[in-house]
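Every heavy atom of this structure was used, including side-chain atoms; hydrogens, water molecules and symmetry mates were not. Just so we're on the same page: letters track the sequence lines, and every chain starts at 1.
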Amino acid sequence: MKPLATRSPGVDQRSGTVNDGNRSTCFPTLLLIIPLLLICSPARSAVAATITGKAVTFTLTSADMGLTSAQSHANWSGSSTFDGGDVSGTSLSLAEGTTTLTKTNLLFFTYSDNNANRKVTATYTLTNPTLVISGVPSTTTKVTITSVTSTSVSYSSSTRLYSGYASMTLDLSNATRSGTYKTTGTTITINVTII
Amino acid sequence: MNRKLRFFALSAALLAAVTQPAYAATGTGYSVVTVTLPDVIILDYFTSINLGLAGHAEVHRQNSYAQSNISGSDQSIDGTGELTTGTLSDASLAALRGTDITLNLRNVWAIRGLSPTGKATVSVSGPLSLTKASTTSTIGISKLKVLVDGASTSSAAASITTNLNGIQKTDATMGDVLIDLNFANTSAAGDYSGAITITAITM
């Protein structure tokens, strides 16, 4: 095995740069590379990321749950006698309501920058997925956030803001009351990478 | 070979500049989510309730009928024990003697949904009688009540309060309708109809 410091034609394993073993031909190449690095580097200046998490608020409708207020069924038929009493007839066949809802295109964060060429990516972490009505225990009623998925980041040249949008999926299967559900602590942590 | 190496060296340098990770920045934000759920009430009902009453027949035997004074010519026979409305036996069924009968139409409605209190009221209303087309014959209706299926009939009322347990069908509260029928003014067999209304309101 060759010592690492040995100069021979091929790749210098310490630096990853190329050495053809001839300093006289390598030198002009280095002269060419250095200006190129200088040209490329200023465009990649470090950024100080200030992320503004947005309050995500929305109202669902009964239509979101896939049901209308009156569900009609065809004939109920039963038979009785003149004695009266209980009469059993056709069973109601109930339609299932939608308890898993996904809201799309929700604004979760903004990031201010006058450079429109950043690559901005975001990941979302649920830190407190249970939403409750103030004063009502979660054992009685709750809405659960099951996932938040990044969908897009757009840039507005007029406001110089990057805006991060995501889709959020809710589980309403344990919701028994109407009203305003919110968390008592941080709900979603947004981690944004800017290059 | 050397020219190729120079080309690769140049490419590597450019690539290193472009993918330089040292310039990436990260930031963290937090979002609070607020979701408002509206009042939702879903009433399942039947557009038509067809109740068939079984036919009924009974025969009453009288003790005797006697005529003691036969003249041998045409005459009216009005013997002892002739049938009169006063001497007819009553029908064996109370319903046919004019007494109300109570029917419990089971599981003819269901409610589910969301309300601020998790409760709703369910009420029922209807006409005083069911009518038969082209006749004056009617079936009287009284004491229309709703009842949660399986609950004691003592909790039945024209309007009741019950729980809303959510929007899934397994959350539904099934309900009955109690109805008293009276046949005192019924003179014809056939189809009788009338509309009853069931109303559910969140509370």
Within the 4.5 Å heavy-atom criterion, are Ile190(A) and Thr28(B) side-chain neighbours or not?
no
Engaged part of Asn107(B) at the chain A interface, taking heavy atoms whose separation is under 4.5 Å
backbone
So which of Gly97(A), Ala70(A), Ser72(A), Ala55(A) has the biggest tally of heavy-atom pairs under 4.5 Å with chain B?
Ser72(A)
Who wins among Gly179(A), Gly185(A), Ser178(A) for the most heavy-atom pairs under 4.5 Å with chain B?
Ser178(A)
If you check every heavy atom in residues 78-91 of chain A against those of chain B, which residues fall under 4.5 Å?
Gly78(A), Ser79(A), Ser80(A), Thr81(A), Phe82(A), Asp83(A), Gly84(A), Gly85(A), Asp86(A), Val87(A), Ser88(A), Thr90(A), Ser91(A)
Between Leu170(A), Asn174(A), Asn191(A), Leu172(A), who has the most heavy-atom pairs with chain B when the cutoff is under 4.5 Å?
Asn191(A)
Bottom line for Thr98(A): the part with an atom under 4.5 Å from chain B's heavy atoms is backbone
Closest non-hydrogen contact found for Thr187(A) with Ser31(B) is CB-O, 3.3 Å
Looking at Thr47(B) and Ala74(A), what are the two nearest heavy atoms and their distance?
OG1-CA, 3.9 Å
So, the part of Leu131(A) with a heavy atom under 4.5 Å from chain B: the answer is side chain
Greatest number of non-hydrogen atom pairs under 4.5 angstrom with chain B, of Met168(A), His73(A), Lys182(A), Met65(A), falls to His73(A)
For chain B, which candidate among Thr183(A), Thr186(A), Thr99(A), Thr52(A) shows the most heavy-atom pairs at distances under 4.5 Å?
Thr99(A)
Quick check on Thr117(B) against chain A: is it the side chain, the backbone, both or neither that has a heavy atom closer than 4.5 Å?
backbone
Phe108(A) versus chain B, heavy atoms under 4.5 Å apart: side chain, backbone, both or neither?
both
Using heavy-atom distances under 4.5 Å, tell me whether Leu181(B) contacts chain A through its side chain, its backbone, both, or neither.
neither
Residue part contacting chain A, namely of Ala110(B), when any heavy atom lies under 4.5 Å:
both
Using side-chain heavy atoms (C-beta onward) and a distance below 4.5 Å, is Tyr181(A) in contact with Leu37(B)?
yes
Do the non-hydrogen side-chain atoms of Ser173(A) and Gln168(B) ever get within less than 4.5 Å of each other?
yes
Identify the heavy atoms of Glu96(A) and Lys169(B) that sit nearest to each other, and give their distance.
OE1-N, 2.8 Å
Contact origin within Leu93(B) toward chain A - heavy atom pairs under 4.5 Å
side chain
